[in-house]
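As the structure is a computational prediction, the values presented were derived from the model and not from experiment. Position 1 is the first residue of the sequence, and the numbers go up from there.
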Amino acid sequence: MDENTFTENFNNQGWPSKTFLCYMVERLDDENTATPLDEYKGFVRNKGRDQPGEPCHAELYFLGQIRSWNLDRNQHYRLTCFISWTPCYNCAQKLTTFLKENHHISLHIFASRIYTVDDSGSRQSGLCALQAAGAGITIMTSKDFERCWVTFVDHKEKPFQPWEGLEVKSKKLCEELQAILRAQQN
């Protein structure tokens with residue numbers, strides 16, 4: 001992805017209408033060794049109402065790709081995703097179902113911000129169900145933004161430049177996410 005697309009969509013200070021999901025897959029050879037599978041690395045974005053065809057969330061595109069890979073069920077894999085918004089309730093449910101059906105795959109989501117369009121409480125239960133299914137859900141820190149930048153952005157050898165307020169906003173969002181995930185445990 002280009003630098004502007006990354007900054008516009010992952011900057012945790014903004015409210016972009018698009019969702020980008022960057023992903024990478026590693027085969028876990030043993031407890032301490034992971035082999036990156038570069039053929040399963042890339043990014044997808046949602047398809048909005050302003051585009052031809054049916055709208056589709058980035059997570060659903062991602063799930064379609066994972067299923068097409070036919071990963072060996074006798075191997076263990078770690079999927080790492082950097083996503084501009086946490087999954088909505090429906091996407092969290094679909095990811096939860098996927099993890100329950102695919103015990104050989106673990107998932108860790110690093111999110112730039114928390115999706116808050118649905119304030120009915122289902123958003124929280126979706127994220128909690130996803131965590132209960134074994135997914136790690138974390139708000140991105142400066143280190144995570146830099147890792148995403150280095151791995152997925154055509155940065156032309158430029159180092160990641162944190163924007164003003166990145167760490168303060170990350171800390172606030174992290175506290176909010178932890179409160180959401182704790183509330184369902186009580």
Side-chain angles (χ1 to χ4, degrees), residues 1-24 41-51 55-63 79-96 98-99 107-155 159-185:
M1 110 179 23
D2 66 65
E3 296 173 44
N4 290 336
T5 299
F6 173 80
T7 303
E8 286 172 18
N9 291 283
F10 280 88
N11 182 325
N12 62 2
Q13 308 291 319
W15 293 91
S17 59
K18 299 176 209 149
T19 300
F20 277 80
L21 185 154
C22 302
Y23 61 88
M24 58 188 193
K41 181 172 89 173
F43 68 92
V44 294
R45 69 157 279 205
N46 67 312
K47 186 175 181 184
R49 289 177 175 51
D50 60 336
Q51 296 173 295
C56 186
H57 287 197
E59 297 91 337
L60 302 182
Y61 275 128
F62 177 59
L63 281 173
L79 302 177
T80 302
C81 297
F82 297 89
I83 188 166
S84 53
W85 293 98
T86 57
C88 71
Y89 174 78
N90 289 334
C91 289
Q93 290 298 315
K94 297 221 185 276
L95 288 165
T96 298
F98 174 81
L99 289 175
L107 173 65
H108 196 110
I109 297 171
F110 294 89
S112 176
R113 63 186 72 77
I114 299 172
Y115 183 76
T116 56
V117 171
D118 175 17
D119 286 333
S120 68
S122 60
R123 152 180 67 103
Q124 291 92 335
S125 65
L127 292 175
C128 291
L130 186 54
Q131 181 183 28
I137 308 169
T138 309
I139 293 297
M140 293 172 75
T141 63
S142 183
K143 180 180 165 189
D144 301 320
F145 284 108
E146 181 175 15
R147 182 175 175 206
C148 187
W149 172 269
V150 168
T151 307
F152 299 102
V153 177
D154 181 17
H155 51 74
F160 173 67
Q161 292 296 313
W163 45 86
E164 187 175 333
L166 181 152
E167 285 297 339
V168 171
K169 184 69 169 186
S170 287
K171 187 174 190 286
K172 181 179 179 270
L173 290 169
C174 183
E175 290 167 1
E176 186 179 335
L177 179 62
Q178 291 309 311
I180 290 168
L181 298 174
R182 268 194 313 270
Q184 289 298 116
Q185 292 173 351

Please work out whether the ring planes of [X] and [Y] are parallel, tilted or perpendicular, with thresholds of 30° and 60°.
| X | Y | result |
| --- | --- | --- |
| Trp163 | Phe145 | perpendicular |
| Phe20 | Phe43 | tilted |
| Phe160 | Phe6 | perpendicular |

Any side-chain heavy-atom pair from [X] and [Y] closer than 4.5 angstrom?
| X | Y | value |
| --- | --- | --- |
| Thr151 | Lys41 | yes |
| Ser84 | Arg113 | yes |
| Thr80 | Phe110 | yes |
| Pro87 | Leu95 | yes |
| Cys22 | Ile83 | no |
| Val153 | Cys148 | no |
| Glu3 | Asp154 | no |
| His108 | Leu79 | no |

- request: Quick one: do Leu177 and Ile137 satisfy side chain to side chain contact (heavy atoms under 4.5 Å, CB included)? Show the steps, please.
  value: CA-CA 9 Å; Leu177 179 62; Ile137 308 169; 3.9 Å; yes
Roughly how far, to the nearest 0.5 Å, is [atom2] of [Y] from [atom1] of [X]?
| X | Y | atom1 | atom2 | result |
| --- | --- | --- | --- | --- |
| Ser17 | Glu8 | OG | CD | 10.0 Å |
| Leu166 | Asn11 | CG | CG | 7.5 Å |
| Leu60 | Cys88 | CG | SG | 7.5 Å |
| Leu21 | Glu59 | CG | CD | 6.0 Å |
| Lys171 | Asn12 | NZ | CG | 14.0 Å |

message: Quick one, Asp144 with Thr141, criterion side chain to side chain donor-acceptor pair (under 3.5 Å). Give me CA distance, side-chain angles, the key distance, then yes/no.
response: CA-CA 5 Å; Asp144 301 320; Thr141 63; 3.1 Å; yes
message: For Glu167, give me all partners under side-chain hydrogen bond (donor to acceptor under 3.5 Å, both in side chains), at least two apart in sequence or on another chain.
response: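 Expected list: none.
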Search all heavy atoms of [X] against all heavy atoms of [Y] and return the closest pair with its distance.
| X | Y | value |
| --- | --- | --- |
| His57 | Cys91 | ND1-SG, 3.3 Å |
| Pro159 | Trp149 | C-NE1, 3.6 Å |
| His155 | Val150 | NE2-O, 3.8 Å |
| Ser170 | Ile139 | O-CG2, 3.7 Å |
| Cys128 | Leu181 | SG-CA, 3.8 Å |
| Leu173 | Ile114 | O-CD1, 3.5 Å |

task: State which residues pass ring-ring contact (aromatic ring centres under 6.0 Å, His included) with Tyr61; sequence neighbours excluded, sorted by chain then number.
output: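 For Tyr61, no residue satisfies ring-ring contact (aromatic ring centres under 6.0 Å, His included) once neighbours in sequence are set aside.
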message: If you apply the rule side chain to side chain contact (heavy atoms under 4.5 Å, CB included), what do you find for Ser112 with Trp85, and how did you get there?
response: CA-CA 6 Å; Ser112 176; Trp85 293 98; over 6 Å; no
- prompt: Only one of Leu130, Leu127, Leu107 clears side chain to side chain contact (heavy atoms under 4.5 Å, CB included) with Thr96; which?
  reply: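 In the set Leu130, Leu127, Leu107, the residue that makes a side chain to side chain contact (heavy atoms under 4.5 Å, CB included) with Thr96 is Leu130.
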- prompt: Considering residues at least two apart in sequence or located in another chain, which fulfil the salt bridge (Lys or Arg N to Asp or Glu O under 4.0 Å) criterion with Glu146?
  reply: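 None.
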- prompt: Within the side chain of Thr86, is there an N or O that forms a donor-acceptor pair under 3.5 Å with the backbone of Tyr115?
  reply: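 Yes; judged by distance alone, with no hydrogens or angles, the pair exists.
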- prompt: Just by distance, do the side chain of Thr5 and the backbone of Met1 share a donor-acceptor pair under 3.5 Å?
  reply: no
